[in-house]
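Take a look at the structure below.
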Protein chains: 2
Amino acid sequence: MTASPGKVVRGETLRKLVLDTALERFSTDGYFNTSIHDIRRQAGVSIGSIYHHFGNKEALAKALYDDLLQRMDAGLQQVMEESQDCRTRCDGIIAFLFETTAQAPQTMRFVLESRHREFLPDEPPVCSSQPFQRMRECIEQGMAAGELRPMEVPVAATVAFGGAIRLLHLYLDGVLDRPLSDFLPDMQEAAWRAIAMDPPRNTTRENA
Amino acid sequence: MTASPGKVVRGETLRKLVLDTALERFSTDGYFNTSIHDIRRQAGVSIGSIYHHFGNKEALAKALYDDLLQRMDAGLQQVMEESQDCRTRCDGIIAFLFETTAQAPQTMRFVLESRHREFLPDEPPVCSSQPFQRMRECIEQGMAAGELRPMEVPVAATVAFGGAIRLLHLYLDGVLDRPLSDFLPDMQEAAWRAIAMDPPRNTTRENA
DNA sequence: GTCTATACCCTGATAGAC
DNA sequence: GTCTATCAGGGTATAGAC
């Protein structure tokens, strides 16, 4: 996301370039450690252009935030539509989280690790954003369908994906020394065990 | 943690007062939204005193961070010593996390929600701090003892406590409308199901 | 050890030419 | 739409009296 010297960038292209640069800086240094001048320098555009397109620094962060959340939600929505089966959906969601983190760590860092309330005071907490609501929806439907064991819904939702999300944190913090994909099957299994309805206990044979 | 007017505060008492005030401001507004003047004003002390005791703003945050981590670790260590049984330990850790969050939400907010790397650049990530290592230790021992099913250790560790930690986030963000304690038993059960060794399958009866 | 007053820098934001 | 030059304000940190 560094400026290519000589190439003139304008309009929507410039806007995108600024967003990309902002993501890189915000996700690595943090919002407050990044000045508009830093972004200006790295993107190779002028301060005036940034303010023309976004108005102020907070609005730039908000535009970025909305953009990333919407993309994440689109991915989750697709997973939800591909199957009605709760197990398949949960596996798909965890796989999606792992893949997105591996391919776009900066996106995940910004969505998952930033404390948005500190620089977007009017924004509701991330947990209540679209992507997280969609995960909860998956759990609610699974429980209603009897695929999940009856329990407190917030517990089911957090236990289904909380382990995966914590593993993403380890990965993003550089604590994990192996690729995320190594852990995918185990994580899917473990998450499912926590919430799945008991397998029928074969009482028939014992009664016979 | 507001200054009691008229009361003269000095020495170690002043130091503690500043730490308490800093915790309150950092955990609610964030490190970067809190100026030394904010802390000075709320604590009712002078800027000079703060710089005398801590040197600079970052060192103040570091002192606070170390203090809180150490207290948390002491609590976890106690849980670990009270029993050698992995199930009891896991339940105890989750209970400890819930109780601490309910009683000292600001502490948990600062330890769990802050992005320390943004203002303590030389600090290792939280995930590798003492308290988190202790949780991992619990899991490693449980697996070695055969109480937990064989699986990738990072998966077991994150799935054992990741659900609980995510629920803490919901609570701290005000998304949960009921007290944490309502969810404790369900969370302990669910976490354990994810990692526990399969109950012996009663093959004896079938073989007989 | 604690205080007040102040220096100094960086940051977000604006003005106005092109 | 994009640019450069500039401003005003607030932030950390220091100096030096008490």
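Hydrogens, waters and symmetry mates play no part in the numbers below; they use all other heavy atoms, side chains included. Order of the sequence lines sets the chain letters (A, B, ...), proteins ahead of strands, with each chain counted from 1.
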[X] side chain, from C-beta outward: closest of [options]:
{"X": "Lys57(B)", "options": "dT2(C), dA13(D), dT2(D)", "answer": "dA13(D)"}
{"X": "Val45(A)", "options": "dT4(C), dT2(D), dC3(D)", "answer": "dC3(D)"}
{"X": "Ser46(B)", "options": "dT12(D), dC3(C), dG1(D)", "answer": "dC3(C)"}

If you take all heavy atoms of [X] and [Y], which pair is closest and at what distance?
{"X": "Met143(A)", "Y": "Ala156(A)", "value": "CE-CB, 3.7 Å"}
{"X": "Glu118(B)", "Y": "Asn33(A)", "value": "O-ND2, 2.8 Å"}
{"X": "Ala95(B)", "Y": "Leu184(B)", "value": "CA-CD1, 3.8 Å"}

query = So, do Met197(A) and Pro150(A) sit near enough that their side-chain heavy atoms are less than 4.5 Å apart?
reply =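 They are in contact (side-chain heavy atoms under 4.5 Å apart), so the answer is yes.
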Between [atom2] of [N] and [atom1] of [X], the distance in whole Å:
{"X": "Ile36(A)", "N": "dC10(C)", "atom1": "CD1", "atom2": "P", "answer": "17 Å"}
{"X": "Phe119(B)", "N": "dT12(D)", "atom1": "CZ", "atom2": "C1'", "answer": "17 Å"}
{"X": "Arg41(B)", "N": "dT4(C)", "atom1": "CZ", "atom2": "P", "answer": "13 Å"}
{"X": "Phe32(A)", "N": "dT11(C)", "atom1": "CZ", "atom2": "C1'", "answer": "13 Å"}
{"X": "His52(A)", "N": "dG1(D)", "atom1": "NE2", "atom2": "C1'", "answer": "5 Å"}
{"X": "Phe54(B)", "N": "dG1(C)", "atom1": "CZ", "atom2": "P", "answer": "13 Å"}
{"X": "Ile47(B)", "N": "dA15(D)", "atom1": "CD1", "atom2": "C1'", "answer": "13 Å"}
{"X": "Tyr51(B)", "N": "dG16(D)", "atom1": "OH", "atom2": "P", "answer": "18 Å"}

Plane angle bin for Phe110(A) and His116(A) - parallel if under 30°, tilted between 30 and 60°, otherwise perpendicular =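 Perpendicular, since the angle between the ring planes exceeds 60°.
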Residue closer to the 5' end of DNA chain C, Glu12(B) versus His37(B) (nearest nucleotide) =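 Its nearest nucleotide being more 5', the pick is Glu12(B).
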request  = Just call it for Thr13(B): base, sugar-phosphate, or nothing, with non-hydrogen atoms closer than 4.0 Å on any strand.
outcome  =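 If one applies the 4.0 Å heavy-atom cut-off, Thr13(B) turns out to touch nothing in the nucleic acid.
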Ser49(A) vs dG1(D): side-chain N/O to OP1/OP2 distance below 4.0 Å =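 It does not, given that no N or O in the side chain of Ser49(A) lies less than 4.0 Å from OP1 or OP2 of dG1(D).
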